[in-house]
Every structure is written in structure tokens, then in C-alpha cells.
Amino acid sequence: LIMARIAYEKGTELNNRHILSGVSQVFGNIYAAKGNAKSAFDYFNQSLSIARSAETYIDLASFFKKQGMNDSAIYYAELAYNGIQPIARPETEMDAAALLFSLYESRDPEKALRYLKISTAAKDSIYSAEKVQSLQAISFEAKEKERDIEAAQSALRNRIRQYALLGGICLLLLIAALLYRNIQNKQKANATLQQQKNKTEETLTELKATQAQLIQKEKMASLGELTAGIAHEIQNPLNFVNNFSEVSNELLDEMKTELAIGNSEEAIIMADGVKQNLEKILHHGKRADAIVKGMLQHSQNSSGIKEPTDINKLADEYLRLSYQGLRVKDKSFNATMQTDFDETIGKINIIPQDIGRVILNLINNAFYAVADRSKQQNEGYEPTVSLATKKTDNKIVISVKDNGNGIPRKITDKIFQPFFTTKPTGQGTGLGLSISYDIMKAHGGEVTVESKEGEGSEFIIQLPIQ
């Protein structure tokens, strides 16, 4: 640190931008090593403001990686690799690619493998250049020796020829030995790299298989909760169908009696009653049919086809089904459901299976949060889940709000990461919010969260109108 300060003073006296940028970069690394993150970040920025070098971007990316801020680390590492200024040294390209490999290794295996190959190629290029220089040096020394031998040949030609021949043979043997050794080392290095590549490919294959299994598990878990709610919800229209069928049967018997005695007016009144009952039976039958179709749509893979959908009806359906599903598992649980739907939205073109899964997942999480808090705090606490929709100029906003315990600030940035969960072991895969986040990104929308610890959370879906 003392030497760096002296260098910085000299650079200031000389007004040398190269020295000032390089020393600022050194300051950043020193304060990063001392654990002073703010000073380190300030000096890195100072270095970049003077001269944007790939080396400084690499050091800044490494700093963010150590801080656990992987998104920022990836951003600056890619700036280093893509080059604000052209990368002159292959060592810089190798360092940037190796850093990007370590950052993408756990989140994007395909990109990680690509940067691993780039780093390995740069490494081979560096080593190959060093080997060429070594051989050139050996060749130069051999030529120097030959010149000395030729100068002495005028006096002892015959004897010198013998020595020259022996020297040439020894030199060839030395070169052959060096080449053989270099070839062996390269073969070993290639074999090691091939093993690493094979292990990486095996790991990627296992990771993809595990990811597919966990996604299926998450899907089946949400389907199980939905099915429990459907079983309870579908019972209501079935009860109406059964009751109105019995009443209609009794009315038909009475109508036969009235017709038999010639009382046609009373029979017509009873026929009207039967017609009204049949209309109610049809209404509740369609209601049951819609519930079953909704379950089938949720259980199937997404068709990928957008269709006009009543988002209010879809959201309300999943709200009630999610609540009933939780009630089936815990009879003692009760919660207040509040809805505020914007009736001006109408039908919008979406993939209902995908958006439905996102809404259901957020509602399930909301009910889980209030249920968890109600177990901890019984007096004066009223579990409440609110669902609202709103249409703006160019998007639909869907809000799922609860008054649970809220999300601690220190983990708010992690909740959308794959496999991150706060639920006890066995009760969650940590993929629900991650899948919801990816679905919304694929639809050109986004899902965000606002939370206050001890007061509750609000998840907000923003979906563009198409």
C-alpha cells in the first residue's frame, strides 16, 4: 500500500494516465484483500474512469464474485472478455474465460462449457508460444556453436570435423529428447483435459436429468394441492345437480297427476319449474366441467398456443382451489380471501396453462405463509390473502398479497434462484418461484416481490398486453 501510494504520486506528477489507471487498479486489489469492499469498489471505478482495461474489469469481476454478487461479476467479466478495448495478451483472454467458466458453472452449463473451451485454447496457445521460443533459443545457440567450430576449422580441419559431427549428433539427440518430452507432456495435458471434459459432460447430463426430475416433482406437488381443492370445490355443483334432479323428478310426478285430472294450468306451472331446475342443473354441470378442464389443463404440458382467456376468472378459480386444497390438508385452517378484479380487462391472449401455474404457485405460497404465521400467533391475527388485477396502458398487473411473516431482506434476492427454499426439508423443491420467473420471462413479462419482515409479502406479475 505504501509503494502504491508513492507510485500514484509519481504518476500524478508525470500526469501519466497509464500509471494512474494501473495504480488505482492495484489500490482496488489491496483494499479488496483488506476486506474494505467500499474502498476497493471506488478504486476500481477510478481506474476504469481513467482507462478502461480488460485487466481491471477482470479484477472487478473477481471482487464481485468474492462478495457473492454473481450477476455483477458476470457483467464485468463479459465486458473484459468482449473488450471495451481490444485484448492484446492471450493471458487476459484466458483469465476472463476462466472466470466466466467459474461463474456460469452452476447456473448455465452450456455457457460454462463454452468458456472452459476458450480458456483451454488460450492456455494451449500460450504454452505453444513458449515452446516455440524455447526451440528457437536452442537453435540459435546451436548456430553460435557452429560458427565457433567453423572459425577453428582452418587450423584443425580434420579433427574439428569429427568434433563437429559429434556435436551435431548430440544436438540432434538433445532436440529429439526435448521434442519427445514436449510431445509426452502435451499428450498428458490433452489426456487430462479430455478426462475433465468427460467429467464435465457427465456432470451436465446428470444435472439436466436431476433438474428435469425436480421440475416434474414440483409440477406434481402443485397438481396434488390443486386436485385436493378441486375434489372439494367440485362437490358443490354436484350437490346442486343432485338436489335439482330430485326436485325435478318430484315435479314431473306431480305434473303427471295434474294432467291426469285435467288441471293443465297447474301442470304448466310445474313444467316451468322443471325447466328452471334443468337450467340450474346445466349451469352447475358446466361449472363442474370447467373445474375438471382446468385441472386437466394444469396437469398437461403447455401447448405453447396462446388463446383468449379471462384472466380474472382464471385467477379467481385458482384462488378458491388453492384455499380448498390447504383446507383439505388442515381442517383447522381458515383465512380471509379478498379479491379486487378490474372488469375492464376482458379476455387477453395468453397460454393459460403457463400463466395459471404461475398464479397458482404464488397463491399457494401466500396461503402457506399465513398458515405458518397463524401457527405461531393465534391471538388477534387474521390470516388474509388478497388477489387483485389491474389494466394499465400496455400491461396487465396481477397482485398476490399476504399478511404472513414476510421475507427477510437478506434472502430477498435469492428467492428466485433455482433450488432455494425456506420450507422444511421435504416440503419444497425450491423450484416453484424459479420456474414462475422463467415462465414470465418467456412471456415477455416479469414477477417481482415487495416484502416487509413481520408484515407480509406482495408478489406482482406484470404481463404485456398482446
Point to revise | side chain to side chain contact (heavy atoms under 4.5 Å, CB included) assessment of Glu453 paired with Asn405 | key: CA-CA 6 Å; Glu453 194 169 357; Asn405 288 318; over 6 Å; no
Practice item. Before giving the answer on ring-ring contact (aromatic ring centres under 6.0 Å, His included), spell out for Phe416 and Tyr437 the whole-Å C-alpha distance, their side-chain angles and the decisive distance to 0.1 Å. Key: CA-CA 7 Å; Phe416 292 108; Tyr437 184 86; 5.4 Å; yes
Exercise for review: Give the C-alpha distance, both sets of side-chain angles, the deciding distance and a yes or no for side chain to side chain donor-acceptor pair (under 3.5 Å) between Asn158 and Gln162.
Suggested key: CA-CA 7 Å; Asn158 292 333; Gln162 294 177 356; over 6 Å; no
**Study point:** Pair Tyr31-Phe41, ring-ring contact (aromatic ring centres under 6.0 Å, His included): steps then yes or no
**Key:** CA-CA 9 Å; Tyr31 281 107; Phe41 181 72; over 10 Å; no
Exercise for review: Report the C-alpha distance between Arg52 and Tyr57 in whole Å, list the side-chain angles of each, state the deciding distance to 0.1 Å, and finish with yes or no for side chain to side chain contact (heavy atoms under 4.5 Å, CB included).
Suggested key: CA-CA 8 Å; Arg52 297 190 177 186; Tyr57 279 117; 3.5 Å; yes
Practice item. Give the C-alpha distance, both sets of side-chain angles, the deciding distance and a yes or no for side chain to side chain contact (heavy atoms under 4.5 Å, CB included) between Phe64 and Asn70. Key: CA-CA 7 Å; Phe64 279 118; Asn70 287 344; over 6 Å; no
Practice item. For side chain to side chain contact (heavy atoms under 4.5 Å, CB included), just list the numbers for Thr120 and Leu116, CA-CA rounded to whole Å, side-chain angles, deciding distance to a tenth of an Å, and then say yes or no. Key: CA-CA 6 Å; Thr120 303; Leu116 175 61; 4.1 Å; yes
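Inter-residue side-chain proximity for Leu387 and Gln338 is flagged as unmet; no heavy-atom pair is nearer than 4.5 Å. Looking only at side-chain heavy atoms (C-beta outward), Glu450 and Ile460 come within less than 4.5 Å of each other. Counting heavy atoms from C-beta on, the side chains of Glu55 and Gln25 come closer than 4.5 Å. Here the side chains of Pro308 and Ile348 are not in contact, with every heavy-atom distance at 4.5 Å or above. Leu433 places none of its side-chain heavy atoms less than 4.5 Å from the side chain of Val447. Counting heavy atoms from C-beta on, the side chains of Ile465 and Lys391 come closer than 4.5 Å. The closest side-chain heavy-atom distance from Val370 to Thr384 is not below 4.5 Å. Under the 4.5 Å side-chain criterion, counting only non-hydrogen atoms from C-beta, Ile74 is in contact with Arg107.
Defined by atom type and a distance below 3.5 Å, a donor-acceptor pair is present between the side-chain atoms of Ser399 and Glu458. Between the side chains of Tyr368 and Asp402, no donor-acceptor pair of N or O atoms lies under 3.5 Å. Remark: the Gln194 side chain and the Asn198 side chain contain an N/O donor-acceptor pair separated by less than 3.5 Å. A donor atom on one side chain and an acceptor atom on the other are not found under 3.5 Å apart for Ser24 and Ser47. In this structure, a donor-acceptor pair under 3.5 Å is present between the side chains of Ser102 and Lys65.
Judged purely by atom type and a 3.5 angstrom limit, Arg373 uses its side chain to pair as donor or acceptor with the backbone of Asn403. Looking only at distances, no side-chain donor or acceptor of Ser62 sits under 3.5 Å from a matching main-chain atom of Leu60. In this structure, Thr389 contributes its side chain and Asp342 its backbone to a donor-acceptor pair below 3.5 Å. At least one donor-acceptor pair under 3.5 Å links the side chain of Arg327 to the backbone N or O of Phe333. A donor-acceptor contact shorter than 3.5 Å links the side chain of Asn182 to the backbone of Leu178. In this structure a side-chain-to-backbone donor-acceptor pair under 3.5 Å is present from Thr200 to Gln196.
Between Phe63 and Tyr76, the distance from one ring center to the other does not fall under 6.0 angstrom. Two rings, from Phe27 and Tyr43, have their centers less than 6.0 Å apart.
When all heavy atoms of Lys347 and Asp310 are compared, the closest pair comes out as CG-N, 4.0 Å. Summarising the geometry of Ala4 relative to Val26, their closest heavy-atom pair is CB-CG1, 4.2 Å, with the distance given to 0.1 Å. Nearest heavy atoms, Ala77 versus Leu103: CB-CD1, 4.2 Å. Pairing each heavy atom of Ser451 with each of Gly456, the nearest pair is OG-O, 3.2 Å. Minimum interatomic distance between Pro408 and Thr412 (heavy atoms only, all atoms of both residues): O-OG1, 3.1 Å. Scanning all heavy atoms of the two residues, the minimum distance from Thr392 to Val397 falls at CG2-CG2, 4.4 Å.
The CD1 atom of Ile355 lies 7.0 Å from the CD1 atom of Ile398; values are rounded to the nearest 0.5 Å. Summarising the geometry, atom CG belonging to Asn29 is positioned 4.0 Å from atom CG belonging to Asp59; distances are rounded to the nearest 0.5 Å. Considering NZ of Lys197 and CG of Leu204, their distance stands at 11.5 Å, rounded to 0.5 Å. Note that CG of Leu99 and CD of Glu78 are 10.5 Å apart. Values are rounded to the nearest 0.5 Å. Taking CD1 from Ile439 and CG from Asn361, the interatomic distance works out to 8.5 Å, rounded to the nearest 0.5 Å. Of the inter-residue distances, the one linking Leu193 atom CG with Asp124 atom CG reads 6.5 Å to the nearest 0.5 angstrom.
Counting non-hydrogen atoms of other residues, nucleotides and ligands closer than 6.0 Å to OH of Tyr75 gives a total of 12 or fewer. Counting heavy atoms of neighbouring residues, nucleotides and ligands inside a 6.0 Å radius, atom CE of Met69 does not exceed 12 of them.
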